[in-house]
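Here the structure is laid out as structure tokens; the discussion comes afterwards.
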Amino acid sequence: MKSWLKILLRIVSVLIILVILTWLAGAFYISRNKKEILSSILEQLNKNLNGKITATSMEPTLLKSFPGVSVSLNGVLLRDSLWSQHKHDLLKAQDIDVSLNVLSLIVGNVNINQIAINDASVYLYTDSSGYSNTSIFKTKPKTEKKSSTKSTALEIKKIDFNKVNLIVDNKKRFKLFNFNIDQIQGRMKYPDSGWTGKIKLKTQVNSFAFNTRKGSFLKDKSLEGTLSAHYSKAQDAVILDPEVLNIGGHPFKIGAKIDLGKSAFAISIAVDDILFRDVALLLSPNISSKLLKFGIEKPISIRGNIIDDGSGKYGDPLIKVGITVRDNVISIPAGKLTAANFDGSFTNQDTVGGIIGDENSAIKFHKLTAKYFNAPLKIDTFTVTNLARPIATGLVTSQFPLSNLNNSLGTQDFEFKNGTADLRLYCKADIDNFQFTKPVVSGKIKIADADILYVPRKLHLVKSALNINFDQNDLSIQNGHFQLGKSELNVSCNIANFANLYYTDPDKILVNLKMHSPQLYLNEFLPFLGPRTTKKKSSSGNSMKAASKELSNVLEVSKMNINLTVGKAIYDKFLAKNLVADISLRGEGIYFNKISVAHAGGTLALNGNIIQEPSSNSFKISSKISHVSVKDFFYSFDNFGQNTITNKNLKGYLSSLVNISGRISHTGKILPRSINGKVVFNLNNAALVNFDPMVKVGKFAFPNRNLSNVEIKNLDGTLNIRGDKVEISPMLINSSAINFNVKGTYALGNGTDVALDIPLRNPKGDENLTNKEKREARMKGIVLHLKAIDDDKGGIKIRWNKDHD
């Protein structure tokens, strides 16, 4: 062995022996001087305390910190001077291990290298007046002269906390932080600027409440990681460099600055590839309960800051959060946004310098693009402000084919085959339980070349186009064009206060609709005669389905005034020209306020209503008929549901006042024997052709006269209709073949009883007489008193009227 190596080994051996001897000397010293050393340790620990730290006993633990020596302090209590008032121990530990510098012991000082706290509780308490038990820690006066000797202030080079419950309870500012610390290990250095440390942390969060009235952040979450911290004397602040900290098993990059002088702090947070739900569950219940009404399927990135200026002015800290979402699926109360991209932000101080809290909070979405039920949306900025009473605002634009909506509406009420929609809307709305209410909308929706089937009414509209304009609460439709079968309609309308009433009182919506058509085939609108069903607002979880049902409900229960002009209107055999109508749709009724039309060479004006009912519809009509061809008139109305007097039996012109009621089927047919009312009429230049009762009278009494074509120059009469019976008021009928008086009841079924007083005198002989002479001669001579009644075969028979007047 070389000589230099032998020398080196001897030196090392001597040093080891020296260390062992020193350690043994220290251990022996501690064993022999436990009380004195405990007193010295407590004295040093109490130097800078405005209170007292006590321990019940001390035992050496020689091998724990070799080559240093260590002692275990048992039953340690740290109490401030006002403990007797608030009863909260700042520190209560079953066991505190203190590692001592051996050389310092030999020279009579106690220097602490390491302190380990086990099975302990730390309670930092601040009462409602602002007093804190942390006032136990004294600070040196700023005027104190710098000592020429090295400071004897407590400097611990290594800390080790195990099974420690840490509570920070601030009653004045409603803060509560409660941690179950499994382990905190750290190494400390003490340069002139302060101290630095590397701290390994593993703990469980019981409470992390900045405002106990609103709940805790990080509730029941684990925290694990390593923090780099340093204390700056100049700033009187602890600074945590950004490091990765696992929160609830997910890596977060956390940095912070804690201003000890102002009791202020600022925390920065960054996390990537985390699920939105996992983030929401880290927040306090007042926030998470709202956020969990939304969902984001794929992981997102978040950046945030939490800042507390220490003033306690607003209770809550300032929170600013940014979120990045790319190609994601967003669940909202009104459905889902697919292929979503946006940058989002949240702050609880939207107005700089304003209060911090829900009233001044804002959620903003920037450059949002997505598909909403297959309709592409683009929103430059969408903002929700005042989360105490949320208000949403944003400019929404979209262009899409209407067919995209077929599998998205959640209802079968509408079916779209063709057409496009182009919308640009600025919206402002209250949010009540995350549903839009009281919306204010401005902008336009343009629909072109649409093919729409409205299933509940079986209305198929083709070649449809319209411009929908929103002016805040009002809505208008311009340049509307629809084709229903062979009917064409040009439409415009105005709806005042539409946005408010849509959500609150849809039955109060009044649509003022103007319609013009070159031609209408009225039978194509018969679906409107079916009953209008009132639907309750849906509370279904499928919000789009609920919204579609709500729209269908609004269409059914809203009121509508229609101003209609039509060049030509056709219904089965009915043909009218120059139709002008004022019609209202209200509740279950169709009300004809005023209708005028040119028909059968004359004019027809009417008003009335149709009330829609499940089996059939009831109607009331008041009509004025002026100089219409009676033949064409009866033909157009299908002989009014009877076949005794038909258009084939009539000629001439009719003027009449009609007040009738009855029932009409959902297919537009008048139900037989349902009509009741009164008809006052005038026939001019008329003829009764092949009218069976008249022909039978002729065969019975006037075989030589032509009663198959009875001409009547003028006839006034009144008919009272009671179901299947027509009551004929007394009429004097002067005709080319016979003059007679008639009255009684004509029945469409059984019950015919018509009295006929027929003079045998031939009226042709009276053609040259004056009217007065005609009236005087009318009933002269032989008069037949006959009665028309039912026969046994369901027809009519004529017999003598023995009971005539």
Side-chain angles (χ1 to χ4, degrees), residues 290 293-294 330 332-335 337 342 344-347 350-351 354 358-370 372-373 375-400 421-447 466-480 492-513 537-538 543-544 546-555 557-560:
K290 297 175 182 177
K293 292 182 180 292
F294 302 88
I330 315 298
I332 60 176
L337 300 175
F342 66 86
S345 64
F346 166 80
T347 179
D350 187 39
T351 303
D358 285 349
E359 294 82 358
N360 195 24
S361 295
I363 301 173
K364 297 181 180 180
F365 303 88
H366 304 281
K367 298 179 181 179
L368 187 153
T369 60
Y372 182 55
F373 292 96
L377 296 180
K378 183 178 180 181
I379 304 175
D380 185 64
T381 301
F382 183 82
T383 303
V384 180
T385 57
N386 186 5
L387 297 189
R389 299 181 63 183
I391 298 175
T393 57
L395 177 63
V396 182
T397 60
S398 181
Q399 300 85 33
F400 59 94
D422 186 346
L423 64 88
R424 182 179 178 86
L425 299 174
Y426 174 79
C427 306
K428 181 178 180 181
D430 292 350
I431 302 178
D432 182 9
N433 194 25
F434 295 89
Q435 297 290 340
F436 291 117
T437 62
K438 300 179 181 178
V440 176
V441 182
S442 299
K444 294 182 178 181
I445 299 177
K446 183 177 181 180
I447 295 175
L466 70 159
N467 294 327
I468 305 173
N469 301 317
F470 294 90
D471 183 8
Q472 297 189 2
N473 285 324
D474 299 335
L475 179 147
S476 64
I477 295 177
Q478 305 296 331
N479 303 320
S492 65
C493 83
N494 292 286
I495 309 175
N497 205 24
F498 172 80
N500 277 335
L501 295 176
Y502 181 94
Y503 290 96
T504 57
D505 293 298
D507 55 335
K508 293 182 180 179
I509 291 177
L510 178 59
V511 182
N512 291 307
L513 182 64
K537 292 183 179 181
S538 172
S543 53
M544 178 54 82
S548 298
K549 286 186 175 180
E550 188 174 61
L551 175 59
S552 180
N553 174 57
V554 170
L555 292 174
V557 304
S558 58
K559 302 175 181 66
M560 183 179 295

Quick one: which residue pairs count as a salt bridge (Lys or Arg N to Asp or Glu O under 4.0 Å) with a foot in residues 493-502, not counting sequence neighbours?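 Output for this query is empty, none listed.
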Using side chain to side chain contact (heavy atoms under 4.5 Å, CB included) as the criterion, list what pairs up with [X], not counting sequence neighbours.
X	value
Asn479	Asn467
Lys378	Thr369, Thr397
Ser492	Gln478, Lys514
Cys493	Ile477, Ile495, Val511, Leu513

Sequence neighbours left out, what passes side chain to side chain donor-acceptor pair (under 3.5 Å) with Asp358? Give chain and number order. none
Looking at residues at least two apart in the chain, or sitting in another chain, which of them share a side chain to side chain donor-acceptor pair (under 3.5 Å) with Thr351?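 Side chain to side chain donor-acceptor pair (under 3.5 Å) check on Thr351 returns Asn360.
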Under 3.5 Å, side chain of Asn473 to main-chain N/O of Val440, donor-acceptor pair present? no
About how many Å separate [atom2] of [Y] and [atom1] of [X], when rounded to the nearest 0.5 Å?
X	Y	atom1	atom2	result
Gln399	Leu377	CD	CG	10.0 Å
Asn494	Leu510	CG	CG	10.5 Å
Phe400	Asp422	CZ	CG	9.0 Å
Leu423	Lys446	CG	NZ	13.0 Å
Ile363	Ser345	CD1	OG	9.0 Å
Tyr372	Ile379	OH	CD1	10.5 Å

Given the rule in the side chain to side chain contact (heavy atoms under 4.5 Å, CB included) test, do Leu425 and Val441 qualify, once you have shown the distances and angles that lead to the verdict? CA-CA 7 Å; Leu425 299 174; Val441 182; 4.0 Å; yes
A quick test of your reading: do over 12 heavy atoms of other residues, nucleotides or ligands sit less than 6.0 Å from CD of Gln472?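 Atom CD in Gln472 is not crowded, with 12 or fewer foreign heavy atoms closer than 6.0 Å.
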For [X] and [Y], which heavy atoms make the closest approach, and how far apart are they?
X	Y	result
Pro390	Val384	CB-CG1, 4.0 Å
Ala375	Ser398	C-OG, 4.2 Å
Gly394	Phe382	CA-CD1, 4.0 Å

Go through the structure and list residues passing ring pair (Phe, Tyr, Trp, His ring centres under 6.0 Å) with Phe342, not counting sequence neighbours.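 Per chain and number, Phe342 pairs via ring pair (Phe, Tyr, Trp, His ring centres under 6.0 Å) with Phe365.
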Apply side chain to side chain contact (heavy atoms under 4.5 Å, CB included) to Asp471 and Asn469, showing your working. CA-CA 6 Å; Asp471 183 8; Asn469 301 317; over 6 Å; no
Pairwise side-chain contact, Lys364 with Asp350, heavy-atom cut-off 4.5 Å (strictly under):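 Yes, their side chains come closer than 4.5 Å.
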